[in-house]
Structure formats: C-alpha cells, structure tokens
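So you know, we letter chains A, B, ... as the sequences are listed, proteins then strands, and number each from 1.
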Amino acid sequence: MKPARTRFAPSPTGFLHVGGVRTALFAWLLARQSGGQFILRIEDTDKAREVVGSIEHIQESLDWLGLAWDEGPTKQSDRLDIYRQWAQKLIDAGRAYADPYSPEELQALRDKARTEKRPFLFRDHRPENPPEWDGSRPLRFRSEPKPYKWHDAVMDDLETGPEVVDDFILIKSDGYPTYNFAHIVDDSEMGITHVLRGQEFLASVPNYLNLYEALSVPPPIFATMPHILGPDGNKKLSKRDGAKDILDYRQDGYLPEAMVNFLATLGWNDGSEQEVFDTEELVKKFSLDRVQKNGAVFDERRLLWLQGEHVRKLDLAKLYKLVADFWPKEAFAEKYDDSYRLQVLKLVQERLKFFAELPDLTRFFFVDLPIDPELISSHKQLKKLSATELKSLLEQTKSTLAISDFSVADLTERLNGLLEKTGQKPAVLFSLIRIATTQAPASPGLADTLAVLGKDRSLERIDRQIDAL
RNA sequence: GGCCCCGUCGUCUAGUGGUCCAGGAUAUCUGGUUCUCAUCCAGAAGAUCGCGGGUUCGAAUCCCGCCGGGGUCACCA
C-alpha cells in the first residue's frame, strides 16, 4: 500500500465526541499502516461558532487516545491569503462571481422554493451581470451541472444527477472561506490522499467534484463514515443529545486502548470472530472496505466489557501506575505504602472495570467502615440465625484466627477447619466473617482479603461486629 | 417535497447463490467454580435475514416494487 496522507479536520467548536474521534482513529490507522502521515488541521473559518480552548481540548483528546499527528495543527484562519489566491484563479477563469443578493432576498427565494416543495438551487437565480467582487459580498462558485459517478472507499459506487450540483459560496462576506472551498484547497496543497468524513457530507460530494474539475485538481479517495447513532437507534449521536466529551471517559478511568478497540469495532471488523484488539493489531488489520455502511448504535455496555478485557490483560505494575489518581483518599494514609496498595489492586484487578470504581471496591482495605446491620439482616442465610448463634460463630472464628500466621495458605486451612468444627456451610460462616471484616456488600475472596487486611485489623473488626450484635 | 445512503438476534456484527430452518460477541436468564461481587466454564432464550413480488433446481445473498430509518437541500462544518 502506498503511504497514505490523511487528516483529521475538526472545527474548534467544543469538545470531541465518539463520532469525531472514530473518524480521526480510522484516518490515523490508515496513515500508520501505510507508513504515511496523519495531519491535524483546524477548520476555524466560522468565527461565530468558535469556542475558546477547543483546539487544546481536541489535541488533548487525540493525545490521550495515542493518535499522534505528524503535521499540524494547521489553522485555516492563518491561510486566508492562500484561499484568496485560489479564488482569484476561479474568478479569472469565469468560474466564480459575486453574489448580489441580500440575505433577505435569498431567504425569500428559499421560502418560495420550500412552499412549492422544490429543492432550492441558487443557480436558477444566477445574476445576469454580477457586480465586481470586492470582498464585501459572498463569492460564489459558478458550477457546471452534470451527473456524476464516483467511488467511495466505504460506500462503493455512487451516482447522482446534475440537479444536485449548485453554486455554493466559496468565500463569505467576512473574508473567510467556507468549509466547502477551504478543505479542497487544503487537501490539495497538503497532498491528502484519503478524505474520511461523516455521512453528512455525502450529498455535497458532487459539488466538490465539480470544484475539483474547475480547479484542475485530482480528487482524493473519498471514504464516507456512517454515523454513530444514539441509544434510540435512529438519530445521529450528537452533543445536543448527550454525547459525552471523549475526555470524560478518561476522567472515569477508561483505558485509551479500550476506547480505541471499542471505536474501531463500531462499524468495522476484520471478518474473523475476533473482538478484542490492541492498537497495534488494528494498525495491521484495518481496512476501509470492511467499514460498515450502516450506522451503529453507541452502546456503552460494550465499551464497559472491552474495558474489563483490557484491564485484565494489563500486568499489575502497569495497572498500578494507571490507577494512581483513582484510589480512595484514605489509601494515602501513612501506613499504606505502594506494596500494600499493590496487594489490594491485585485482588480487585479482575473485578475492576473503569477506574472510578476503585474507591468503592477497595475502601474497606484502608478504613474501618461503620457496622451495617443490613448486611446480616438481609442475608438470606444469616438472618435466620440468632444473635447468640452469630456471636458464638464469630468467637470461634476469633480463637481460630488468633493462632494463624495470616498467610493465604494458613488462613485457607484454618477456615476450612472451622467449617468442620462448626458444622456450618461456607455460605453461612464465610459470609459472616466476610461481612464482619469488610462491612462491604462485596469483596474479594475471604482468605485473600483477610491476608491483606492482616491479623490485628481482622480480629479487631470481628470484635466490633460481636459488640454490635 | 427533490436527491442520496442505509435496513441480519435488544446491541455490535459474520455472511457476496447451496456446507445458513443464519455463526460469533455483548447484554439478559440459569447452573457450576467451598461465601459475596467479579472472573472463568457450561447452558438457555433471543433474527419468519424490513415487506411483497420475481430470477434460479436453490436467495440473507441477484433484479423490481413498496415500506421504514437517516442524511442533505446555510455567508455551519
């Protein structure tokens, strides 16, 4: 495969959500797998919609996901001269003219078309003698309508009639180019080979094709990405409908690898039954022709599952570094050093999904939780026992554990002995000890948990439970 | 309304004329792993392949029509 030069060209109007990020990911994948370049370009030609800080936010998002760009960020607002030069070429060739209408006049024409249920075409209203373009009016492309057939790397062969080609605006009256014009100039100057973009641009492609011809510029390969749909399954996922900032997932403690895996397999698969991919594999295996044509519903539960898969594959030391900011604050008391936290983490690794869950999963390893009578009174076996019986069991546990060295092996052996001695089922005895020593609705295995908690603390907590009964 | 795109289990998908009365994953439910949660393992349920015609010995796969959903028709991208 020849080196692909791809770009991600967001407008700085806020944060990035999964839809935009997936397009960026696919473009990045394409560049990486072919030994090409991935370029970041900021489409900041709409000053009114610009949101300060978005450019940094976008870069931070790509950084987090590991989508490093080789060139950029280039801002279109720094290239106004270039667009003007290209526009001049079109004017000289008679392919661009000043738009004489006022916004009100234009709106009236549109409304009329609407009431007549006709599509509005500007070229039906081309002025006979357009004024000279002095920059104070919009500059329009003089299209040459014709039918088009083209190939899209995702959508395959597409065609349209001449009725969709129209005179669109190249340069706005504020001097900024429109996306429709600027991106074509930039893609050409930057040598972009593959243009990946959302489905919302599909209807504009014939216009672009017409402009490419007027400019004598060969069009790149088009790849139209289907939309990512909201949970209701029929609407494009959008910020307005609650699509989250991709960095919110970092905040919640998702792994970028999991997010990348999730996004890549949302609308793409390699034809095998593999579901879990690391980024390196994706770089090798990704291909545009296996991208789905239809939209895919964004289902966070699938992300959660993939997150679990990736967390479990991580080695402990690496995971430890990643969760550094997510511990409950109690974990940083003096008596808890790295080695203690590491022991705790080892026990919760297989039940940890996103890292923001860490505090709830581990708090009892660091602090004595208040006695929760509910844990016993709502336990289907324990609630049948009297306080006296429970106390007796805990007393026996105490004397048994008092002589344990609290290694996992020794604890296991002694707990088993206790089962025989008391004639209780694990469901009763172990549940009771677990509740007494953790006061938590769930915990890792009993022997493991006790070993990490240590003898003093375990016995102390059993005492507290006895007193509370 | 015109034009364009799409339509397989709830969800992500495999499938390009026969090995598919449709496979995997996830989600759900059940059972097992000496306790809970999770993991892991086993199993259940879940898709008349949007609908209707046609072509063919044979169609999820090809053709036509219809229906449904989406996009677009901005001095937004």
- Message: Any N or O donor-acceptor pair under 3.5 Å from the base of B:rC75 to the side chain of A:Ser173?
- Response: yes
- Query: Touch check for A:Phe201, heavy atoms < 4.0 angstrom, all strands: base, sugar-phosphate only, or nothing?
  - Reply: base
- Task: State the pairing partner of B:rG2; accept Watson-Crick or G-U wobble contacts with both distances under 3.5 Å, and report none otherwise.
- Result: B:rU72
- Determine the Euclidean distance between corresponding P atoms of B:rA14 and B:rU61; express it in Å to zero decimal places. 16 Å
- Message: Under a 4.0 Å threshold between the charged nitrogen and the carboxylate oxygen, would A:Asp186 count as salt-bridged to A:Arg79?
- Response: yes
- Query: Taking the same atom, P, in B:rA74 and in B:rC12, what whole-Å distance lies between them?
  - Reply: 31 Å
- Query: Nearest of B:rA77, B:rA14, B:rC4 to any side-chain atom of A:Ser204?
  - Reply: B:rA77
- Should A:Lys172 be listed as having a side-chain N or O under 4.0 Å from OP1 or OP2 of B:rC76? yes
- Classify the nucleic acid contact of A:Pro444 as base, sugar-phosphate or nothing, counting any heavy atom under 4.0 Å across all strands shown. base
- The side chain of A:Pro426 lies closest to which of these nucleotides: B:rC76, B:rC35, B:rC4? B:rC35
- Please report, rounded to the nearest Å, how far the P atom of B:rC75 is from the CZ atom of A:Phe141. 16 Å
- Which part of the nucleic acid, if any, lies within reach of A:Thr438 when heavy atoms closer than 4.0 Å are counted: base, sugar-phosphate only, or nothing? nothing
- Separation between the P atoms of B:rG24 and B:rA47, rounded to whole Å: 15 Å
- Message: Between P on B:rC76 and CD on A:Gln76, what's the gap in Å once rounded to a whole number?
- Response: 13 Å
- Message: Need one value for A:Ser102: base, sugar-phosphate or nothing, where a base atom within 4.0 Å counts as base even if backbone is also close, heavy atoms only.
- Response: nothing
- Message: Taking only the C1' atom of each, what is the distance from B:rA59 to B:rU16 in whole angstrom?
- Response: 12 Å
- Message: Starting the side chain at C-beta, find the nucleotide from B:rU26, B:rC75, B:rA77 nearest to A:Trp305.
- Response: B:rU26
- Just wondering, are more than 12 heavy atoms of other shown residues or ligands nearer than 6.0 Å to CD in A:Glu116? yes
- Message: Are the side chains of A:Leu418 and A:Leu429 in contact, using a 4.5 Å heavy-atom criterion?
- Response: yes
- Item | Option from A:Ser77, A:Ser54, A:Ser11 for which side chain to side chain donor-acceptor pair (under 3.5 Å) with A:Asp44 holds | A:Ser77
- Among B:rU34, B:rA77, B:rC75, find the nucleotide with the atom closest to the side chain of A:Pro138. B:rC75
- Query: How far does the C1' atom of B:rC57 sit from the matching atom of B:rG43, given to the nearest Å?
  - Reply: 39 Å
- Just to confirm, is there a sub-4.0 Å distance from OP1 or OP2 of B:rC12 to any side-chain nitrogen or oxygen of A:Arg301? no
- Item | OP1 or OP2 of B:rC5 under 4.0 Å from side-chain N/O of A:Lys293 | no
- Task: Taking atom NZ of A:Lys244 as the centre, report whether more than 12 heavy atoms of other residues, nucleotides or ligands fall under 6.0 Å from it.
- Result: yes
- Item | Test item: side-chain donor near acceptor, A:Thr224 and A:Asp152, under 3.5 Å | yes
- Query: Within the modelled atom types, does a donor on one side and an acceptor on the other bring the side chain of A:Gln199 and the base of B:rG70 under 3.5 Å apart?
  - Reply: no
- So do the side chains of A:Asp99 and A:Trp133 get within less than 4.5 Å of each other, counting heavy atoms only? no
- Query: Is any side-chain N or O of A:Arg302 closer than 4.0 Å to OP1 or OP2 of B:rU13?
  - Reply: no
- Winner on side-chain proximity to A:Ala203, out of B:rC4, B:rC73, B:rG71, is B:rG71
- Message: Side chain of A:Pro119 only, heavy atoms from C-beta on: which candidate in B:rA77, B:rG1, B:rC3 is closest?
- Response: B:rG1
- Message: Tell me whether A:Arg41 forms a cation-pi arrangement with A:Phe8, defined as NZ or CZ under 6.0 Å from the six-membered ring centre and within 45 degrees of its axis.
- Response: no
- Check whether any side-chain heavy atom of A:Val348 lies under 4.5 Å from a side-chain heavy atom of A:Pro444, and answer yes or no. yes
- Message: Under 4.0 Å, heavy atoms only, any strand: does A:Glu159 hit a base, just the sugar-phosphate, or nothing?
- Response: sugar-phosphate
- If you look at every strand shown and take non-hydrogen atoms under 4.0 Å, does A:Leu415 touch a base, only sugar-phosphate, or nothing? nothing
- Query: With a non-hydrogen cut-off below 4.0 angstrom, is A:Glu275 in contact with a base, only sugar-phosphate, or nothing?
  - Reply: base
- Strictly by modelled atom types, are A:Asn416 and A:Glu420 linked by a side-chain donor-acceptor pair under 3.5 Å? no
- Message: Side-chain N or O of A:Arg110 versus OP1/OP2 of B:rC75: is the shortest distance under 4.0 Å?
- Response: yes
- Note on the structure: pair_partner(B:rU33), Watson-Crick or wobble, both distances < 3.5 Å, evaluates to none
- Message: Once you apply a heavy-atom cut-off of 4.0 Å, does A:Arg312 come out as touching a base, just sugar-phosphate, or nothing?
- Response: sugar-phosphate
- Could you tell me whether A:Gly161 contacts a base, only the sugar-phosphate backbone, or nothing, with contacts defined as non-hydrogen atoms closer than 4.0 Å? nothing
- Message: By the 4.0 Å heavy-atom rule, please label A:Ile171 as base, sugar-phosphate, or nothing.
- Response: nothing
- Message: Using only modelled atom types and a 3.5 angstrom limit, is any donor from either the side chain of A:Asn416 or the base of B:rU34 paired with an acceptor on the other?
- Response: yes
- Between B:rC62 and B:rG18 - C1' atom distance, rounded Å: 15 Å
- So what does A:Ser11 touch, heavy atoms closer than 4.0 Å: a base, only the sugar-phosphate, or nothing? sugar-phosphate
- Query: Using atom C1' of each nucleotide, how far apart are B:rG32 and B:rC20 to the nearest Å?
  - Reply: 32 Å
- If you check the A:Arg290 side chain, which of B:rU11, B:rG24, B:rA14 turns out closest? B:rA14
- Message: Does B:rU13 have its OP1 or OP2 closer than 4.0 Å to a side-chain nitrogen or oxygen of A:Asn269?
- Response: no
- B:rG7: pairing nucleotide in any strand, Watson-Crick or G-U under 3.5 angstrom: B:rC67
- Message: Whole angstroms only, please: what is the CD-P distance between A:Glu273 and B:rG24?
- Response: 7 Å
- Query: Given the P atoms of B:rU26 and B:rC4, what is the spacing between them in whole Å?
  - Reply: 41 Å
- Item | side-chain N/O A:Lys47 vs B:rC75 OP1/OP2, d < 4.0 Å | no
- Message: Can you tell me which nucleotide in B:rC12, B:rA38, B:rU8 comes closest to the side chain of A:Val297?
- Response: B:rC12
- Task: Report the base-pairing partner of B:rC49 (Watson-Crick or G-U wobble, both distances below 3.5 angstrom), or none.
- Result: none
- Task: Name the nucleic acid region contacted by A:Leu266, choosing base, sugar-phosphate or nothing; use a 4.0 angstrom heavy-atom cut-off, strictly under.
- Result: sugar-phosphate
- Task: Assign A:Gln292 to base, sugar-phosphate, or nothing according to its heavy-atom contacts below 4.0 angstrom with the strands shown.
- Result: sugar-phosphate
- When all nucleic acid strands are considered with a 4.0 Å heavy-atom cut-off, which category describes A:His227: base, sugar-phosphate, or nothing? sugar-phosphate
- Item | Closest nucleotide among B:rA38, B:rU11, B:rC3 to the A:Asp299 side chain | B:rU11
- Item | Nucleotide B:rC5, atom C1' - distance to CG of A:Leu202 in whole Å | 6 Å
- Note on the structure: RNA chain B nearest-nucleotide lookup for A:Glu200 and A:Met155: closer to the 5′ end is A:Met155
- Message: From CG of A:Leu314 over to P of B:rU39, roughly how many Å is that when rounded to an integer?
- Response: 17 Å
- Message: Checking contacts here: which listed nucleotide (B:rU72, B:rU39, B:rU11) is nearest the side-chain heavy atoms of A:Lys353?
- Response: B:rU39
